[in-house]
Amino acid sequence: MPELPEVETIVRGLALELQDVVVQHVIIRQHQLRWPIPDNLSATLNQQKVCRIHRRGKYLLMRFERGTLIIHLGMSGHLRIVSKTADLKPHDHVDIIFSEQQILRYNDPRRFGTILWTQDEPEKHRLLFSLGVEPLSTAFTDQYLLQKAKKRHVAIKPFIMNNQVVVGVGNIYATEALFKANIHPATPVNHLTIEHVQRLIATIKDTLQLAISKGGTTLKDFFNAEGKPGYFKQQLMVYGREGLPCFQCTKPLQKIWLGQRNSVYCKHCQPPMFAPVTRHII
DNA sequence: CAGCGCCCCTGCCCGC
DNA sequence: TGCGGGCAGGGGCGCT
C-alpha cells in the first residue's frame with residue numbers, strides 16, 4: 001500500500017492531530033507483525049507525551065519524551081485516528097489511546113508491518129542507519145546516484161527501489177518515473193549516461209511531489225489518517241496499464257519481471273539501451 | 001560484497 | 001459455487 005507519498009500524507013495528518021497529546025493506554029490484540037511488537041510497549045508508552053511525528057523513508061517516527069516509536073506499514077498497513085465508538089474491524093492489531101476521541105488504530109491484514117520502540121536516536125536503529133538519501137532532499141543529485149552506481153550492474157529499476165541507495169521509491173513511483181524519463185527499466189546502471197541520471201532524478205522528484213500533492217495513490221485500500229483516499233491514481237501513466245495503449249505513442253504497454261517485481265513500460269518510449277541479455281537454455 | 005531468492009501473511013481475482 | 005494458483009503497493013536476511 002504505502003510508498004513515500006502515502007507515508008508522508010499520513011505523517012502530516014497525524015502530526016496535526018496528535019501533537020503534545022499523552023498516551024493513556026495501549027491495547028495490543030496481535031503481537032505478531034514482521035517482528036513481534038515489544039511485550040512491554042503499553043507500560044513504556046503509558047503517560048508519555050507525543051513530541052514530534054515525522055518520517056525517514058517509509059518509516060514513520062513518533063517521538064515521545066523517552067524514546068521513539070518506529071512504525072512501518074509494510075504492504076497493507078493502515079493508521080487511522082478513530083473515536084472510542086468506532087467499530088472494531090478484522091486486523092485492528094493495535095490501539096494507542098490518547099483520549100476517547102483520539103485513538104491511533106493500526107490495522108494490517110498481511111502483517112508485513114513493523115512497530116518497534118527505541119530509546120536511542122532512531123537514526124541509529126538497525127533498520128534506519130544504513131538507509132540512503134531522501135529523494136526529495138537536495139542530497140539526491142546526479143553525482144550522488146552516479147557514485148552509488150559505480151561498480152554496480154543491476155538494472156536501474158531495482159536500483160532506485162533499493163533503500164540503501166534512495167529511500168521511499170516503491171514499485172508504483174519507480175515505474176512512473178522511469179517512463180517519464182524515457183528509460184527502459186532493465187537498463188544496467190552502468191549503461192546510463194549523466195543525461196539519463198539527471199532526467200531520472202528530476203522525474204522521481206516530480207512524481208513523488210505530485211503524488212504528495214494529490215494525497216497519495218489509492219489503488220484500492222490506501223486511506224489517510226482521516227480515512228480519505230488519495231487521488232494520484234488518476235495520474236498514473238503506466239503502472240497497472242499492461243496491454244493498454246501508451247498515453248504518448250498509443251502502442252500497447254509491456255510487462256517484464258525485474259527484481260522480483262512486476263514492471264510495466266513502453267518499448268517505444270523507453271527503448272532498450274543495452275545489448276540483449278543472452279541466457280543459456282538448459 | 002553485489003545480487004538474487006525466499007519469506008513473513010492475508011485478500012482478491014481469475015480460470016477451471 | 002468452490003477451490004487452487006498467482007499475484008499484490010515492502011524489505012530484511014541468508015546464501016552464493
Side-chain angles (χ1 to χ4, degrees), chain A residues 1-10 29-37 55-60 70-79 89-94 106-116 125-132 135 147-178 185-190 207-208 211-212 214-224 229-236 238-243 255-264 277 279:
Chain A
M1 178 253 308
E3 296 192 31
L4 187 146
E6 290 75 48
V7 178
E8 179 67 26
T9 299
I10 293 168
R29 302 183 189 85
Q30 166 64 270
H31 276 82
Q32 205 54 51
L33 301 185
R34 190 161 204 296
W35 293 282
I37 299 174
R55 69 161 181 84
R56 175 77 172 97
K58 295 176 196 167
Y59 289 94
L60 190 150
I70 299 174
I71 301 176
H72 196 293
L73 301 173
M75 294 264 254
S76 58
H78 303 251
L79 277 172
K89 301 207 172 74
H91 315 297
D92 280 340
H93 303 317
V94 179
Y106 179 82
N107 178 293
D108 187 0
R110 291 178 70 179
R111 289 192 266 136
F112 286 5
T114 301
I115 298 180
L116 293 173
H125 193 273
R126 69 184 171 89
L127 294 177
L128 278 78
F129 80 87
S130 59
L131 291 178
Q147 174 65 29
K148 281 279 183 183
K150 267 187 193 167
K151 297 182 185 173
R152 301 287 298 271
H153 302 276
V154 267
I156 184 63
K157 180 152 175 284
F159 183 70
I160 57 172
M161 289 177 68
N162 181 341
N163 283 334
Q164 313 220 339
V165 175
V166 55
V167 295
V169 184
N171 206 18
I172 299 176
Y173 299 113
T175 299
E176 292 297 307
L178 285 164
T187 312
V189 288
N190 55 342
T207 306
L208 293 174
I212 291 169
K214 300 281 178 186
T217 302
T218 296
L219 290 179
K220 57 181 189 205
D221 61 1
F222 169 71
F223 299 98
N224 67 16
Y231 295 97
F232 188 73
K233 187 183 177 184
Q234 286 87 325
Q235 317 285 324
L236 294 177
V238 276
Y239 182 87
R241 299 194 62 248
E242 178 206 357
K255 182 161 91 170
I256 48 166
W257 189 253
L258 267 180
Q260 283 81 245
R261 247 158 205 125
N262 242 329
S263 207
V264 180
V277 178
R279 284 182 194 283

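Please read all numbers here as calculations on a predicted model, not as lab measurements. First the proteins, then the strands, lettered A, B, ... as listed; each starts at 1.
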A/Y173 side chain N/O closer than 4.0 Å to the phosphate oxygens (OP1, OP2) of C/dG9?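 A/Y173 to C/dG9 OP1/OP2: no side-chain N or O under 4.0 Å.
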
Do the side-chain N or O atoms of A/N262 get closer than 4.0 angstrom to the phosphate oxygens (OP1, OP2) of C/dA8?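 Yes, such a contact exists.
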
Of A/N171 and A/Q164, the one whose closest DNA chain C nucleotide lies more 5':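 Nearer the 5' end of the strand: A/N171.
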
Each base of DNA chain C marked ( ) or [ ] if paired in-strand (Watson-Crick or G-U under 3.5 Å), | if paired to another strand and . if unpaired gives .|||||||.|||||||

Run the salt bridge (charged side-chain N to carboxylate O under 4.0 Å, His left out) test against [X] and tell me which residues pass, sequence neighbours left out.
{"X": "A/R56", "value": "A/E123, A/E134"}
{"X": "A/K89", "value": "none"}
{"X": "A/R152", "value": "none"}

Under the side chain to side chain contact (heavy atoms under 4.5 Å, CB included) rule, collect the residues that match up with [X], sequence neighbours excluded.
{"X": "A/H31", "result": "A/I28, A/I37, A/D39"}
{"X": "A/Y239", "result": "A/N171, A/I172, A/T175, A/E176, A/L219, A/L236"}
{"X": "A/H93", "result": "A/Q30, A/L33, A/H91, A/Y106, A/D108, A/R111"}
{"X": "A/A177", "result": "A/L200, A/T203, A/I204, A/T207"}

Using the P atoms only, state how far C/dG6 lies from B/dC6, rounded to an integer number of Å.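 Taking atom P in both B/dC6 and C/dG6, they lie 14 Å apart.
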
I'd like the P distance from C/dC7 over to B/dG5, given in whole Å.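 After rounding to an integer number of Å, I get 15 Å for this pair.
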
Ring geometry between A/F223 and A/H78 (parallel below 30°, tilted from 30 to 60°, perpendicular above 60°):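 Ring orientation of A/H78 relative to A/F223: parallel.
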
Side-chain donor/acceptor pairs under 3.5 Å, residues 159-167 of chain A, sequence neighbours excluded:
| residue | atom | partner | partner atom | Å |
| --- | --- | --- | --- | --- |
| A/N162 | OD1 | A/Q164 | N | 2.8 |

First encountered from the 5' end of DNA chain B, between A/Q260 and A/R111: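 Closest to the 5' end, via its nearest nucleotide, is A/Q260.
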
Please list, in 5' to 3' order, the outermost nucleotides of DNA chain B lying under 4.0 Å from any heavy atom of chain A.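 Listing 5' to 3', DNA chain B meets chain A from B/dA2 to B/dG11.
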
What is the nucleic acid contact for A/F159, judged by heavy atoms within less than 4.0 Å: base, sugar-phosphate only, or nothing?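 No contact.
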
Taking only nitrogen or oxygen atoms into account, show me every contact under 3.5 Å that the protein makes with nucleotides 13-15 of chain C, one pair per line with its distance.
| residue | atom | partner | partner atom | Å |
| --- | --- | --- | --- | --- |
| C/dC13 | OP1 | A/R126 | NH1 | 2.9 |

Would you kindly check whether a donor in the side chain of A/R110 faces an acceptor in the base of C/dA8, or vice versa, at under 3.5 angstrom?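 A donor-acceptor contact between them is present.
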
Can you name the side chain to side chain donor-acceptor pair (under 3.5 Å) partners of A/Q147, sequence neighbours left out?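 Testing A/Q147 for side chain to side chain donor-acceptor pair (under 3.5 Å), a comparison that skips the adjacent residues, returns A/K150.
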
With a 4.5 Å limit on heavy-atom distance, are the side chains of A/H125 and A/L116 in contact?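 Answer yes - side chains close enough.
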
According to a cutoff of under 5.5 Å between the ring centres and under 30° between the ring planes, does A/F112 stack with the base of C/dG10?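 Stack criterion met.
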
